[in-house]
Protein chains: 2
Amino acid sequence: MTYLCKMYERKLPVELECGLHLFMEVINGKWKINLIWCIYKGIKRPGELHRQIPKASRRLLDTQLKQLVAQGIIVKTIFEQKPLKVEYELTAFGETLIPVIVVTAQWGETHRQILEPLLQSTTTTVK
Amino acid sequence: MTYLCKMYERKLPVELECGLHLFMEVINGKWKINLIWCIYKGIKRPGELHRQIPKASRRLLDTQLKQLVAQGIIVKTIFEQKPLKVEYELTAFGETLIPVIVVTAQWGETHRQILEPLLQSTTTTVK
DNA sequence: TCCGATACGGCTAAATTTAGCCCTACTTGA
DNA sequence: TCAAGTAGGGCTAAATTTAGCCGTATCGGA
């Protein structure tokens, strides 16, 4: 059972200097945090996750789930049942992310009133 | 003295639901953390910052500095001297980011040995 | 006067990430 | 037998971010 999986071949080097860059490499991706959080909260199956995060395209959720598996944050269990069933769970390593996410999320919530207006007008790329 | 500044017009909505998304909106950008950290450490002038982060192109550093100003994280002071001088400083709001950055950076450093190999091979976009 | 340093913007192309459509395969229930 | 739900990949195009080059202007020193 050969495993074929086309990956995007990076051309620019990944930044690994500072610890926050490491964190961001893991956490970056439009829905990864949501996925991690949902899985942490017990939403384990792909279908449930899709329904939980309806704004995300199914396609992207799937690829980001795959990335999280590759990064050792979650594990995927395939139950070889009659109606195929899949479940994701945080690894022990993935669990270590939770308190960090909590801290950053708290910062965001604390300053939401300041941030929301700024972020809606401002864009990431100022030219 | 009209201020003209071409901004990139976002077409997709910004995600603001969760606090971590708010945090990420601010922190995202290849060199923003480095900039924030350097400024926090007292490296205030554009030229110094460029020398401190030599891997970054001058162009991108400048635009990201501008973004941080627009986001209220830093302030830019222009000294109308004989040889023009500019300095950046963290705002009080920007200071609130520091402990959060410390936490995430610590997480990264703590797990560097696990992360480095994973992140170098794996790419963000699994296709 | 020419070189280097200060500080900055315009512009194009490359790299990367997301959106969104289509298709496969299997199972259950109507 | 058809519809719906399970899970997931291929593919293209759009959106977004970075890289990198060129040009402006001022000042100080050799």
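Every value quoted in this text rests on a predicted model; they were computed, and no experiment measured them. Residue numbers start from 1 in every chain, and the chains themselves are labelled A, B, ... in the order their sequence lines are given, proteins ahead of strands.
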TODO: State plainly whether one hydrophobic cluster holds both B:Ile74 and A:Ile114, where clusters connect Ile, Leu, Val, Met, Phe, Trp and Tyr through side-chain heavy atoms under 4.5 angstrom apart.
DONE: yes
- [ ] Can you tell me the distance, in whole Å, between the CG atom of B:Leu12 and the C1' atom of D:dA14?
- [x] 8 Å
Open item on the list: Which residues pass the salt bridge (charged side-chain N to carboxylate O under 4.0 Å, His left out) test with A:Arg112, not counting sequence neighbours?
Closed with: A:Glu109, A:Glu116
TODO: Please determine if a side-chain N or O atom of B:Tyr8 lies less than 4.0 Å away from the OP1 or OP2 oxygen of D:dT17.
DONE: no
Look for any protein N or O under 3.5 Å of an N or O in nucleotides 4-8 of chain C and output each such pair with its distance, or none.
from, atom 1, to, atom 2, distance (Å)
C:dT6, OP1, B:Arg51, NH1, 3.3
C:dT6, O3', B:Arg45, NH2, 3.1
C:dA7, OP1, B:Arg45, NE, 3.4
C:dA7, OP1, B:Arg45, NH2, 3.2
C:dA7, OP2, B:Gly47, N, 3.0
C:dC8, OP1, B:Lys76, NZ, 2.6
C:dC8, N4, B:Arg58, NH2, 2.9

Open item on the list: What is the separation between atom CD on B:Gln81 and atom P on D:dG28, rounded to the nearest whole Å?
Closed with: 11 Å
- [ ] Quickly work out the A:Glu9 CD to C:dA14 C1' distance and round it to whole Å.
- [x] 16 Å
Task: Atom pair CD1/CG of A:Ile27 and A:Leu22 - distance to nearest 0.5 Å - done: 12.0 Å
- [ ] Establish, with yes or no, whether the OP1 or OP2 oxygen of D:dT18 is under 4.0 angstrom from a side-chain nitrogen or oxygen of B:Gln64.
- [x] yes
TODO: Please state whether the phosphate of D:dT17, meaning OP1 or OP2, lies under 4.0 angstrom from any side-chain nitrogen or oxygen of B:Arg10.
DONE: yes
Run the side-chain donor-acceptor check on residues 46-56 of chain B: report pairs under 3.5 Å with partners two or more places apart or on a different chain.
from, atom 1, to, atom 2, distance (Å)
B:Glu48, OE1, B:Lys44, N, 3.4
B:Glu48, OE1, B:Arg45, N, 3.3
B:His50, ND1, B:Pro46, O, 3.4
B:His50, NE2, B:Asp62, OD1, 3.2
B:Lys55, NZ, A:Glu15, OE1, 3.1
B:Lys55, NZ, A:Glu17, OE2, 3.0

Task: Length of the NZ-C1' vector between A:Lys30 and C:dT16, whole Å - done: 14 Å
Open item on the list: Nearest 0.5 angstrom please: B:Met24 CE to A:Lys32 NZ, how far?
Closed with: 9.0 Å
Open item on the list: I want to check a possible cation-pi pair here: A:Lys85 against A:Phe79, using under 6.0 Å from ring centre and within 45° of the ring axis as the test.
Closed with: yes
Open item on the list: Between C1' on C:dA19 and CH2 on A:Trp31, what's the gap in Å once rounded to a whole number?
Closed with: 12 Å
Task: Spacing of A:Gln67 atom CD relative to C:dT18 atom P, expressed in whole Å - done: 8 Å
Open item on the list: Tell me the interatomic distance from B:Arg59, atom CZ, to C:dA13, atom C1', rounded to whole angstroms.
Closed with: 14 Å
- [ ] For A:Glu15 and C:dA15, give me the distance from atom CD to atom P, rounded to whole Å.
- [x] 16 Å
